[in-house]
Amino acid sequence: MVDELGVAVIGFGWMGRVHTQAYARLPHHYPQLPLRPRLVTVAEEVPGRAEEAAERFGFATATRDWRDVAADPRVRAVSITAPNFLHREIGVAMAEAGKHIWIEKPVGLTAEDARAVADAVAKAGVQGAVGFNYRNAPAVEAARDLIASGGIGTVTHVRIRLFSDYAAHPDGALTWRYERARGGSGVLGDLASHGADLARFLLGDITSLAADTAVFVPERARPAGATAGHALASGGEPGPVENEDYVNCLLRFASGARGVLEACRVSVGEQNNYGFEVHGTKGAVFWDFRRMNELAVSRGSTYQDQPVSTVYVGPGAGEFVAFQPGAGNAMGYDDLKVIEAYRFVRSVAEGVPYGATPADAVRSAAVLEAMLRSAQERAWVSVGAG
């Protein structure tokens with residue numbers, strides 16, 4: 001017997017659509033789930049956007065006020081894909097209303113925001129999931145298993161990169177993403193938050209770091225109206241970019257390993273160049289998001305001139321088997337969000353958290369705040385517990 005889970009989506013830009021499509025795909029990839037999502041309502045303040053989403057994707061109702069969702073008894077679970085500055089208010093309100101929440105990173109503007117959401121989830125006894133989607137790649141989970149098993153020896157150092165060009169155009173609109181009050185810490189919250197989560201997921205806690213940040217496009221044009229994605233706005237009134245385009249960071253882990261994390265949103269010539277290289281005393285493992293289903297692995301006992309092999313992950317890695325029958329069949333980005341949706345709904349069904357949680361968001365946010373503090377103080381700083 002399959003029960004229905006009434007779901008709502010708050011904020012219907014690109015990520016709201018991705019969440020909606022992930023819910024719709026769950027019965028196809030995970031027919032064993034005892035709960036089947038039903039699209040109850042969509043909330044979006046931009047006029048007409050919620051109604052359009054309801055008609056296109058099949059939500060029963062639409063609203064411009066997210067508060068209507070908290071009061072809706074049909075809704076048991078909520079996706080929060082609104083801008084960053086709304087995450088804390090919406091996340092806390094939904095948890096206090098008894099709704100399970102799937103919220104996008106970075107879960108607010110600060111570690112305090114993330115902690116407030118995590119505390120509200122814990123106090124209400126609801127389930128919480130966070131959109132750290134790259135950890136859901138089967139190849140990333142296989143790399144983590146390889147590292148944990150000692151397959152590359154003791155980890156010595158890691159490099160994590162997140163380079164993109166989505167903000168490289170100088171005519172890119174000055175949206176909320178570039179404001180401290182609404183976007184928070186720029187590329188730190190947008191991309192480095194993923195890097196901090198991947199670092200912890202693969203190697204454990206970060207204890208201290210030293211960081212540097214920069215703004216390379218200091219001024220942008222204000223948009224004339226509502227925007228979606230990374231729209232251009234040439235000719236508009238110029239305004240300052242208040243948060244970081246770039247960050248680089250040296251990391252020290254509790255294990256004794258060292259690391260480098262680098263992220264940039266204005267990297268001309270780079271399109272989603274995300275990945276990591278983890279080196280150990282007996283080998284190494286490499287992952288590139290653009291070749292999401294592959295790992296480059298070196299292991300053995302020769303040390304010098306040791307070869308590197310390409311491994312195509314298959315049904316034994318992570319959730320791969322829910323999507324493809326054999327190694328070498330590609331998965332894509334949206335599949336990672338289906339995995340995330342599955343783990344969220346499974347958490348609701350079983351009352352046990354699966355996947356990334358608000359507690360992980362708190363730890364990631366603590367790393368980001370340490371980066372900002374280090375860049376300001378020009379010094380090594382300790383990473384707090386968040």
Side-chain angles (χ1 to χ4, degrees), residues 18 21-23 25-35 102 129-155 158-160 194-195 197-204 255 257 272 274-302 306-350 352-357 360:
V18 172
Q21 292 173 164
Y23 285 128
R25 290 176 58 189
L26 277 184
H28 304 287
H29 295 283
Y30 296 98
Q32 76 276 18
L33 266 177
L35 290 175
W102 175 15
V130 176
F132 289 126
N133 38 261
Y134 299 108
R135 63 155 64 189
N136 297 326
V140 172
E141 295 194 88
R144 186 193 196 202
D145 290 343
L146 177 65
I147 293 165
S149 70
I152 61 170
T154 300
V155 172
V158 59
R159 184 167 77 97
I160 299 173
H194 283 298
D197 182 67
L198 280 174
R200 288 188 59 246
F201 185 70
L202 293 169
L203 302 183
S255 66
N272 297 340
Y274 308 153
F276 56 75
E277 300 98 43
V278 182
H279 294 267
T281 53
K282 294 183 178 180
V285 59
F286 313 94
W287 181 71
D288 186 326
F289 169 66
R290 298 163 301 177
R291 305 177 71 90
M292 193 177 83
N293 307 285
E294 301 177 17
L295 286 176
V297 179
S298 176
R299 51 183 172 173
S301 57
T302 59
Q306 188 161 285
V308 177
S309 300
T310 298
V311 176
Y312 299 97
V313 298
E319 294 293 326
F320 187 95
V321 71
F323 298 86
Q324 299 294 346
N329 291 289
M331 292 174 60
Y333 174 86
D334 283 14
D335 296 332
L336 302 184
K337 303 307 279 191
V338 176
I339 294 171
E340 209 164 87
Y342 160 65
R343 288 173 172 164
F344 173 49
V345 174
R346 184 182 177 189
S347 297
V348 173
E350 299 182 16
V352 178
Y354 292 95
T357 69
D360 293 305

Rounded distance [0.5 Å steps], CG in Asp335 versus CG in Asn133: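 The CG atom of Asp335 sits 11.5 Å away from the CG atom of Asn133.
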Should we count CZ of Arg25 as having more than 12 external heavy atoms under 6.0 Å?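 Count over threshold, so yes.
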With side chains defined as the heavy atoms from C-beta onward, is the minimum distance between [X] and [Y] less than 4.5 Å?
{"X": "Arg346", "Y": "Leu33", "result": "yes"}
{"X": "Phe276", "Y": "Phe289", "result": "no"}
{"X": "Leu146", "Y": "Arg299", "result": "yes"}

Show the nearest heavy-atom pair for residues Leu202 and Ile147, with the distance to one decimal.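 Minimum heavy-atom contact is O-CG2, 4.0 Å.
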What residues form a ring pair (Phe, Tyr, Trp, His ring centres under 6.0 Å) with [X], not counting sequence neighbours?
{"X": "Tyr354", "result": "none"}
{"X": "His29", "result": "Phe323"}
{"X": "Tyr30", "result": "Tyr342"}
{"X": "Tyr23", "result": "Trp102"}

For [X], give me all partners under side chain to side chain contact (heavy atoms under 4.5 Å, CB included), at least two apart in sequence or on another chain.
{"X": "Pro27", "value": "Arg36"}
{"X": "Ala327", "value": "Tyr312"}
{"X": "Asp197", "value": "Phe132, Arg135, Asp360"}
{"X": "Ala296", "value": "Phe286, Val308"}

Determine, step by step, whether Arg290 and Tyr274 satisfy the side chain to side chain contact (heavy atoms under 4.5 Å, CB included) criterion, reporting the C-alpha distance in whole Å, the side-chain angles of both residues, the deciding distance to 0.1 Å, and the verdict. CA-CA 7 Å; Arg290 298 163 301 177; Tyr274 308 153; over 6 Å; no
Which residue, Leu295, Val278, Val297, forms the side chain to side chain contact (heavy atoms under 4.5 Å, CB included) with Trp287?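 Of all the options given, the one that passes is Leu295.
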Not counting sequence neighbours, which residues clear side chain to side chain donor-acceptor pair (under 3.5 Å) with Ser298? List them please.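 For Ser298 the side chain to side chain donor-acceptor pair (under 3.5 Å) partners, ignoring immediate neighbours, are Gln306.
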Donor-acceptor check, side chain of Asn293 to backbone of Met331, threshold 3.5 angstrom: yes or no?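 Here the side-chain-to-backbone pair exists.
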Contacts table for residues 136-144: side-chain donor-acceptor under 3.5 angstrom, sequence neighbours left out:
residue, atom, partner, partner atom, Å
Asn136, OD1, Arg343, NH1, 3.0
Asn136, ND2, Leu336, O, 3.4
Asn136, ND2, Glu340, OE2, 3.2
Glu141, OE1, Arg343, NH2, 3.3
Glu141, OE2, Arg343, NH2, 3.2
Arg144, NE, Phe201, O, 2.8

List in chain and number order the residues that pass salt bridge (charged side-chain N to carboxylate O under 4.0 Å, His left out) with Glu277, two or more places apart in sequence or in another chain; answer none if no residue qualifies.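 Checked Glu277 against salt bridge (charged side-chain N to carboxylate O under 4.0 Å, His left out); matches are Arg159, Arg161.
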